Amino acid sequence: MLRDAYKQSMIHRLHLVNWKSHAKTEIRFSKGTNVIVGINGAGKSSILEAILFALYGELPGGATYEKVLRRGTTRDARGVVELEMDVGGKHIVITREFSRKGQTRARIRGDVKTLTEKPSQVTEEVIKLLGMDRKTFEKAVYGRQGEIAALLNDRSERKRLINRILGIEKLQVLQTAINSAITRLRRIAGSADLGTMERDLENARQRLKEVSAELEGTQRLLAEWKSRERELDTAIARTREELQELEKSLAEARSARQELARLKGMEKNLEERALELRREGITPKRPEDVEKLRGKLKELERRAKQIDELLTLEKRLLELANKRVEKPDAESARKSVEELEGQLQRVREELAEKRRALQETEKRIRELEAEAAELDRRIRTLTGVEQRIKELEKRVEELGSVEEIEKALRELSEEISAAETEIKQESTFVSALRSASQCPVCGSALDDERRRELLEEHTKRMAKLRERVEELRRKVAELKRRQAESKGIQEELRRLSAKIGILEELRRRREEIRAKLSEGAAMREKLRRTIAELEARARELSEQLREKRAALEQLEKQLREYEEVEKARRELASIEERLRILGERPDLEDIRRQITLAEKGVELSRIEERLAQIRQKIEELESRAQNVEELENKVQTTRDALSKLVAERRALEAKILTEERRVKNLEELKATLERRIEELERRIAEITDAAERKAILENVAKIVSAAAEQVKESRLAAINTILNTVWATLYPRKDITELRIVPEKNDYRIYAKTANGETVDVDSLSGGERFDVALALRIAVAAAWGRSMGLLVLDEPTHNLDEEATDALAEVLRHLPGDSFEQIIIITHNEALKKAATGKIIVVERDKERGRPSIVREVPVTAE
């Protein structure tokens, strides 16, 4: 049995939340053939897409997470796809969660290590368990709508898949890689003359020896010169230090000579000043004697100042005390001012209160006026609503009601569907007619002329049907436009009708506001009159208060003058007593003369001290200033010696620079030769190694090529056996007895053997026959895939099949699970394929017009 080569694998359950048209769907599969049936757009194919997403974490082609998340969900909605299945004896559950931005979580649990939160690791684990990636799964297990025939028509894909089934794809890849390597090695081996390169290598090695010897000699000479250079640097540094010391000593001697001359001049000047002071009779004094005299002078000056100030104050007080001033009565005037201030304050407070009341009244009037203006605007707007309602009702009558339009749309959709069905039937008939020798309908013989007539007749009929479909679609578009406009008008009518009842309420409210505005205007005028009266009273009181305050200020001034006279009379007696105590004013000039003589005595003392210091310094400098000429001679001699050393070093430095450039050039030449030698050695080794490896790979290529041919021949025979086993059950007629895949050059051709023994290429068969061949090839491919899941998935497999072929396909799919497959899953809109079910029949329904989610239900499987 073919199933012996399979892993025991089967899908048990698929759970979907917010996946495309499925809000919350739970599907349970069973062993055998499971048929999922429903009309187009019901959500059938999205079930298989969900299985692929659960296994490999990839969305269907061109889709995004925004598109696969069910329409109508909230922005933060989440989707879930969960698949439960057996693979190779292991029970696993794969769960993938996603949002509009991408996968948010993935995990696989069961009889495997659990991986969470990392979708890529879950996918890697699934590929390891299934033994195939998504691309292989789709080609070997999953037949999409329209792809079954493509397997037959797409030769490149057919060749790649058959090579992989035969197990020679990797051998061919290996052989291609070996041939590529041989070509590359041949190019390397023939890229240069080996003998010439070996001679170049020997010449380079000899030249390197010569350069190395020359470099060594130059470096020795350079080292000797640098040693002498260091000796000269040491001698120059030592000589410069000696010169600096001598120059420093010479500078100090010259400075001492100049200082000596300056000090002698100062000595002479000081002696003359001292003689002058002694002639005036000045004797030496101490600084503290001067300070005592100055303190005494300061005390006498303070006493003289106090006496002068008291005499001046006494004179002023005598003048003030002699005035005749009576004490005024200011208290009664002060009370009169306070009474007026109280009256003015009360008037101002009442005035502020009335102004606040006026502001509030004016604010309320403005609010009422704004509300009245808004009401007027709304009333004017609503006044036109009745006319608008009449216009809209008239437009609804012209367009027709929404229900009438929906009914017409349903009728047109049914008519379009019927026309499209006729087009498909005509297309199938025309395709079959192009290569048929008998009429596909009546079975009568066809000559070329009759075939052309039938083709022309049915082609014209298809064109008329297509024109009719286009016309109907234009009508549908117009009806949909009218439907949308009618719905919009009815919505507007509902909205406008609600506004009519508001109009009277607005008018009543407007009259109330007008009455309140009239009352507010009267109140405003009353407040304005009251405010004007209060402002006049406040001005009158302010004027009276100003006059009273002026009179009060004059009385207070007189009172202060009276108080000052009384105070002066009291202070006059005190001043006279203080003057008696202080006594006579002291004589300051005598003490000042004493201070002048004392200061000159201090000056004489300082001159004598300074003369003693200068004479001591002169004795010290006279010995240091005597050897200036001797130091000048030593400095000149040392400078001459330093110049000779510097000149010798400069000459040596020029020689060293020349030799260093020569060393650098020789080192660069040596490095260039070493790189050249290394490159030549590498190239020689590479060419030698490439030649040896090329010979080895050429032998390996012959072995791989022979192995690939042997494997292809033996395994292709087994594939053809599987193909014809499937064909015998699938094909209902007996005119084609056998199919065979034959390798030709770099391709595979499929031939059919007819009942009369003729062998023909399947490309010459009719459309229906070619589809049967492609379906048999699809089943054989899945059956021959040694690492397959034991699972076959077909999406709309009855495309282009007539009723008889459909019944035959149902029979094949009904019996395949017991022979070749553990489980088959079929997606179809064709109710006839329900007969293929041995496991479950799952019906998918959806009210697409109302945007409802898909509904899934099971129906009983009928045994035949």
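Keep in mind the model is a prediction, meaning the values are calculated, not measured.
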How far apart are the closest heavy atoms of [X] and [Y], and which atoms are they?
X	Y	value
Ala50	Leu14	CB-CD2, 4.2 Å
Leu69	Ala77	CD2-O, 3.9 Å
Glu796	Thr828	OE1-CA, 3.5 Å
Ala408	Leu479	CB-CD1, 3.8 Å

Using a 4.5 Å cut-off on heavy atoms from C-beta on, say whether the side chain of [Y] contacts that of [X].
X	Y	result
Lys44	Leu48	no
Ile842	Val37	no
Arg105	Arg107	yes
Ile127	Tyr56	yes
Thr95	Arg109	yes
Val843	Val856	no
Val476	Leu409	yes
Glu470	Arg466	no

Could you tell me whether a side-chain N or O of [X] sits under 3.5 Å from a main-chain N or O of [Y], the two making a donor and an acceptor?
X	Y	result
Arg846	Arg852	yes
Trp19	Ser46	yes
Glu97	Gln103	no
Arg134	Glu58	yes
Thr25	His22	no
Thr123	Pro119	yes
Arg96	Phe53	yes
Ser854	Ala42	yes
Lys840	Arg28	yes

Not counting sequence neighbours, which residues clear salt bridge (charged side-chain N to carboxylate O under 4.0 Å, His left out) with [X]? List them please.
X	value
Glu124	none
Lys354	none
Lys548	none
Glu406	none

Please list, chain by chain and in numerical order, all residues satisfying side-chain contact (heavy atoms from CB on, under 4.5 Å) with [X], sequence neighbours excluded.
X	result
Ser99	Arg78, Lys101, Thr104
Glu478	Arg481, Arg482
Glu353	Arg356
Arg364	Glu367, Leu368, Lys516

[atom1]-[atom2] distance between [X] and [Y], expressed to the nearest 0.5 angstrom:
X	Y	atom1	atom2	answer
Leu344	Glu543	CG	CD	12.0 Å
Ile36	Ile27	CD1	CD1	5.5 Å
Leu52	Ile47	CG	CD1	13.0 Å
Ile513	Glu374	CD1	CD	10.5 Å
Lys480	Leu412	NZ	CG	10.5 Å
Arg410	Ile405	CZ	CD1	12.0 Å

Sidechain N-carboxylate O distance under 4.0 Å for [X], [Y]:
X	Y	value
Glu371	Arg510	no
Arg366	Glu369	no
Glu338	Lys335	no
Lys118	Glu125	no

**Asked** What residues form a side-chain hydrogen bond (donor to acceptor under 3.5 Å, both in side chains) with Ser486, not counting sequence neighbours?
**Response**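 Per chain and number, Ser486 pairs via side-chain hydrogen bond (donor to acceptor under 3.5 Å, both in side chains) with no residue.
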**Message:** Could you walk me through whether Leu83 and Val93 satisfy the side chain to side chain contact (heavy atoms under 4.5 Å, CB included) test, starting with their C-alpha distance in whole Å, then the side-chain angles of each, then the deciding distance to 0.1 Å, before giving a yes or no?
**Reply:** CA-CA 6 Å; Leu83 181 68; Val93 179; over 6 Å; no
**Message:** As a quick check of understanding, evaluate salt bridge (charged side-chain N to carboxylate O under 4.0 Å, His left out) for Arg509 and Glu512, giving each step before the final call.
**Reply:** CA-CA 5 Å; Arg509 176 62 180 159; Glu512 291 178 358; 3.3 Å; yes
**Message:** Any donor-acceptor pair under 3.5 Å linking the side-chain atoms of Asp795 with those of Ser45?
**Reply:**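 Ser45 vs Asp795: donor-acceptor pair found between side chains.
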**Request:** Could you give me the CA-CA distance, side-chain angles and deciding distance for Met85 and Phe29, then say whether side chain to side chain contact (heavy atoms under 4.5 Å, CB included) is met?
**Result:** CA-CA 10 Å; Met85 64 184 300; Phe29 299 92; over 6 Å; no
Under the salt bridge (Lys or Arg N to Asp or Glu O under 4.0 Å) rule, what pairs show up with a residue in [range], not counting sequence neighbours?
range	answer
residues 65-77	Glu66-Arg75, Glu66-Arg100
residues 523-540	Arg355-Glu535, Glu362-Arg528, Glu525-Arg528, Arg537-Glu540
residues 341-350	Glu341-Arg549

**His12/Glu84 under side-chain hydrogen bond (donor to acceptor under 3.5 Å, both in side chains): CA gap, chis, key distance, verdict** = CA-CA 6 Å; His12 293 293; Glu84 182 180 353; over 6 Å; no
**Request:** Test side chain to side chain contact (heavy atoms under 4.5 Å, CB included) on Leu16 and Val80 and set out the steps.
**Result:** CA-CA 6 Å; Leu16 305 177; Val80 179; over 6 Å; no
**Message:** Determine whether Glu82 and Arg13 satisfy the following criterion, side chain to side chain contact (heavy atoms under 4.5 Å, CB included), listing intermediate values before the conclusion.
**Reply:** CA-CA 8 Å; Glu82 185 171 88; Arg13 180 178 63 89; 2.8 Å; yes
